[in-house]
Amino acid sequence: MSYVKPSIPKGTRDFVPEEFARRKYIFNTIENEFKKYGYKPLETPSMEFLSTLTGKYGDEGDKLIFKILNSGDYLSEVSDEELTNKDLKSLTSRICEKALRYDLTVPFARFVVQHYNELTFPFKRYQMQPVWRADRPQKGRYREFYQCDIDVIGSTSLLNEAELIKISDGIFQKLHINVTIKLNNRKILNGIAEVLGENEKFTDITVALDKLDKVGWEIVHSELIAKGIKPCAVEKIALLVKMSESPTALTEIAEFVKDSEIGRQGIEELRTVIELTSKMNVKSQICFDVLLARGLNYYTGTIFEIAAKDVQMGSISGGGRYDDLTGIFGLDNMSGVGISYGADRIYDVMQMLGVFPESLNCFTQVLFLNFGDREVQYILFLAEALRKKGISTEIFPDNAKMKKQMSYADKNKIPFVIIAGENEIQNNVFTLKNMTTGTQQELSFEAVLNIFN
RNA sequence: GUGGAUGUAGCUCAGUAGGUUAGAGCAUCAGAUUGUGGUUCUGAGGGUCGUGGGUUCGAGCCCCAUCUUCCACCCCA
């Protein structure tokens, strides 16, 4: 008989009960914080039309979208000519009309436009669902992973930005992760490009600068030259890099872009956001970083990125303001701002830091040992009474050896075991054993219930 | 998509220069202990050495391909 070796696709994972509990803890913490600020839940389907997703994430992003083959005879409409030409772009659009979502923001934009008439603006929503990327997996990078997004759309107020920072701060405080919240504004970057006289090379410059801390100035320098940036502009960029490390970076950059209208606007916005958060009792470190660019090309204003301080891991959170994401679906003047938390990376970080509460390993509170049919009759009422009080209670299903049953309790980290055999029935009591201390006592029905108050 | 490493029991790994029946620890199961787990002792089960080819009298070890996982780049959560 032949069988397939059980395995799952690259970059996907099973979550065992203990992992699930820890993940749930992260989701709950995040969700509670979202709710506090009046964000409402939303879920969208795993798949969207491929046309909804393509063109939103840049060329690199488009390549990473998982496509879904049409059902049925999906080649019947395709001509032999198209097949032999092997033009992937036109061919995939013919045989794949659906794709797995790549993030939660674009489906959200689609949702807002589609349900425009039913929504009240500003609309605040949160969404915690898996997304899929055909990336090559590595540390902190999966092909299926969960994002927790909040967005507010239909408001240009910078109070939203400040609130998102405060929410992030609250979440990471609760999860015991020390973070740096990096802040920048796309308008400042636009202003810089304008001042440099390199408007059309804007993306090239920001992308090159974004990896400065990783690869160093030498490599960034040669990349800028290679992209055809004028030498005098490259010199100014070098100056900019120096400024970025200065404690008075904001003032210096403000001076640098003072001749650019949009640049000044960016500085103004950034100052407002920082001013607002300063009154919100934010504990995490907030820092302005001109070099922060972020790839997703729909951002137009504030951009955020959050990284854990004490461990080596890519950013665990990122987001920004987008002025025209709904435009592509036919709805203009709908500015939004949002941030996305990567649950899986947060999990990895917490695991490395060892900051998960110990209590998450405990599922069942009480285990009744099983000594046979008559004894089970005797414990049924107590088990029911405990469950009624909300205590997770198990009755061992088989009349197995006591050693096996005790061992089951031990392995499952069940803190209490109730032993009720012939002796207990005769005296109308229950023996309650505390598995942590190893002590046990005989108690009446009511006395047991009182212990679990 | 580019470059580099990796793959031996459920897990972590040994495996000497290619040579008979591939090992250990942990985990699992059973017993020591017929109403007491976590410690200890004894024993047992479990591997077509990632997969497919090739070289060789002979391959876990050498060669090729392929897949997996990991790391860096690209990009990102």
Side-chain angles (χ1 to χ4, degrees), chain A residues 2 4-13 16 26 30 57-65 88 102-105 128-149 168 203 206-208 210-211 214-215 219 223 292-297 299 303-308 312-319 338-349 367 369-372 375 396 399-426 431-440 442:
Chain A
S2 83
V4 280
K5 191 180 176 184
S7 65
I8 53 176
K10 190 196 277 204
T12 64
R13 294 150 300 156
V16 301
I26 293 173
I30 292 175
Y57 309 108
D59 287 344
E60 287 301 319
D62 283 357
K63 281 186 212 155
L64 301 181
I65 296 172
L88 285 185
Y102 178 90
D103 71 356
L104 301 177
T105 308
M128 309 198 293
Q129 289 187 277
V131 303
W132 294 269
R133 295 185 189 176
D135 226 343
R136 185 174 291 197
Q138 51 178 277
K139 193 182 193 71
R141 175 174 300 192
Y142 307 97
R143 288 186 145 181
E144 177 183 60
F145 62 98
Y146 280 71
Q147 291 193 329
C148 307
D149 268 39
S168 306
T203 317
T206 54
V207 167
D210 195 47
K211 52 187 149 179
K214 245 183 195 168
V215 298
I219 293 173
E223 186 170 329
L292 176 64
R294 298 196 53 75
L296 295 172
N297 54 14
Y299 293 126
I303 43 185
F304 322 95
E305 195 162 285
I306 301 179
Q312 189 66 38
M313 175 64 72
S315 61
I316 53 179
S317 186
I339 189 161
S340 175
Y341 303 88
D344 308 81
R345 283 190 181 174
I346 291 173
Y347 181 97
D348 291 345
V349 166
L367 174 74
L369 298 199
N370 185 326
F371 290 96
E375 288 83 350
F396 200 87
N399 180 10
K401 281 192 182 134
M402 202 166 167
K403 181 187 166 82
K404 182 172 169 64
Q405 301 193 42
M406 290 299 287
S407 171
Y408 176 86
D410 189 54
K411 295 272 160 54
N412 286 292
K413 299 192 165 62
I414 299 173
F416 293 99
V417 166
I418 292 180
I419 303 161
E422 218 173 305
N423 303 342
E424 282 82 0
I425 294 177
Q426 237 158 46
T431 299
L432 178 74
K433 172 157 180 157
N434 181 325
M435 294 296 279
T436 324
T437 61
T439 57
Q440 61 188 54
E442 288 190 357

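All values reported here derive from a predicted model rather than from experimental measurement. Just so it is clear: chains get the letters A, B, ... in the order the sequence lines come, proteins before strands, and each one is counted from 1.
What separates CH2 of A:Trp132 from P of B:A77 is a distance of 16 Å, to the nearest Å. Following rounding to the nearest Å, A:Arg143 (CZ) and B:U69 (C1') show an atom-to-atom distance of 12 Å. Rounded to an integer number of Å, the gap from CZ of A:Phe396 to C1' of B:U36 is 14 Å. Rounded to whole angstrom, the span from the CD1 atom of A:Ile306 across to the C1' atom of B:C76 amounts to 15 Å. If you measure from atom NZ of A:Lys411 to atom P of B:G38, you get 7 Å, rounded to the nearest angstrom. In this structure, A:Met313 atom CE and B:C75 atom C1' are separated by 16 Å, rounded to whole Å. A:Arg13 places its CZ atom 16 Å from the C1' atom of B:U68, with the value rounded to the nearest Å. What separates CD of A:Glu60 from P of B:C75 is a distance of 7 Å, to the nearest Å.
Under the stacking criterion of a centre-to-centre distance below 5.5 angstrom and an interplanar angle below 30°, A:Tyr341 is not stacked against the six-membered ring of B:A77.
Side-chain to base pairing of A:Arg133 with B:A77: one donor and one acceptor N or O lie within less than 3.5 Å of each other. The base of B:G37 sits with one of its N or O atoms less than 3.5 Å from a complementary donor or acceptor on the side chain of A:Asp410. Counting atom types as modelled, A:Arg136 pairs no side-chain N or O with a base atom of B:U69 as donor and acceptor under 3.5 Å. No hydrogens or angles were tested; on distance alone, a donor-acceptor pair under 3.5 Å links the side chain of A:Arg345 to the base of B:C76. Side-chain atoms of A:Lys433 come within donor-acceptor range of the base of B:U36, with a qualifying N/O pair under 3.5 Å.
Using a 4.0 Å heavy-atom criterion, one finds that A:Ile419 contacts the bases of the nucleic acid, with or without backbone contacts as well. Using a 4.0 Å heavy-atom distance criterion, A:Gly61 is classed as making no nucleic acid contact. Nucleic acid contact for A:Gly421: base, since at least one base atom lies under 4.0 Å from a heavy atom of the residue. Residue A:Gln405 is classed as having no contact, given no heavy-atom separation below 4.0 Å to the nucleic acid. Residue-level contact check: A:Gly11 touches the backbone only, with heavy atoms under 4.0 Å from sugar-phosphate atoms and none from bases. Looking at heavy-atom distances under 4.0 Å, A:Glu424 makes contact with a base. Within 4.0 Å (heavy atoms only), A:Thr436 reaches at least one base atom of the nucleic acid.
Searching all strands for a Watson-Crick or G-U wobble partner of B:G3 with both distances below 3.5 Å returns B:C71. Across all strands shown, B:U12 forms a Watson-Crick or G-U wobble pair with B:A24, both key distances being under 3.5 Å. Applying the Watson-Crick and G-U wobble criteria (two distances, each under 3.5 Å), B:C29 pairs with B:G43. Using N1 to N3 plus N6-O4 or O6-N4 for Watson-Crick, or N1-O2 and O6-N3 for G-U wobble, each under 3.5 Å, B:G35 pairs with nothing.
Rounded to a whole angstrom, the distance from the C1' atom of B:U8 to that of B:U69 is 15 Å. Taking atom C1' on both nucleotides, B:A59 is separated from B:U20 by 14 Å, rounded to a whole Å. Separating the P atom of B:G23 from that of B:A9 is a span of 14 Å, rounded to the nearest Å. Using C1' as the reference atom, B:C63 and B:G45 are 37 Å apart when rounded to the nearest Å. Look at the C1' atom in both B:G3 and B:U48: the space between them is 34 Å, to the nearest Å. A distance of about 15 Å separates the C1' atoms of B:G47 and B:U51, rounded to the whole Å. Rounded to whole Å, the P atom of B:G10 lies 11 Å from the corresponding atom of B:G46. Rounded to the nearest Å, the gap between the P atom of B:G58 and that of B:G54 is 12 Å.
Ring geometry, A:Phe396 versus A:Tyr408: the interplanar angle exceeds 60°, so the pair is classed perpendicular (tilted spans 30 to 60°).
Toward the 5′ end of RNA chain B lies the nearest nucleotide of A:Lys401, the other residue of the pair A:Lys139 and A:Lys401 mapping further downstream. Both A:Thr439 and A:Asp135 lie close to RNA chain B; mapped to their nearest nucleotides by heavy-atom distance, the more 5′-ward contact belongs to A:Thr439.
Of the side-chain N and O atoms in A:Gln138, one or more sit less than 4.0 angstrom from OP1 or OP2 of B:A72. The side chain of A:Lys63 contributes no N or O atom lying less than 4.0 Å from OP1 or OP2 of B:C74.
In the set B:A72, B:G35, B:C75, the nucleotide with an atom closest to the side chain of A:Met402 is B:G35. Among B:A77, B:G37, B:G35, the nucleotide with an atom closest to any side-chain atom of A:Arg141 is B:A77.
Taken from CD1 in A:Ile316 to OG in A:Ser340, the straight-line distance is 11.5 Å, to the nearest 0.5 Å. A:Thr12 OG1 to A:Arg143 CZ: the interatomic distance, rounded to the nearest 0.5 Å, is 9.5 Å. Between the NZ atom of A:Lys403 and the CG atom of A:Asp410 there is a distance of 10.5 Å, given to the nearest 0.5 Å.
Under the 3.5 Å distance criterion, with hydrogens and angles disregarded, a donor-acceptor pair is assigned to the side chains of A:Glu424 and A:Thr431.
Residues A:Tyr341 and A:Ser317 are in side-chain contact: their nearest non-hydrogen atoms beyond the backbone lie under 4.5 Å apart.
Nearest heavy atom pair, residue A:Thr105 against residue A:Asp149, reads OG1-OD2, 3.2 Å. Across all non-hydrogen atoms, the minimal contact from A:Gln405 to A:Ala400 is NE2-O, 2.8 Å.
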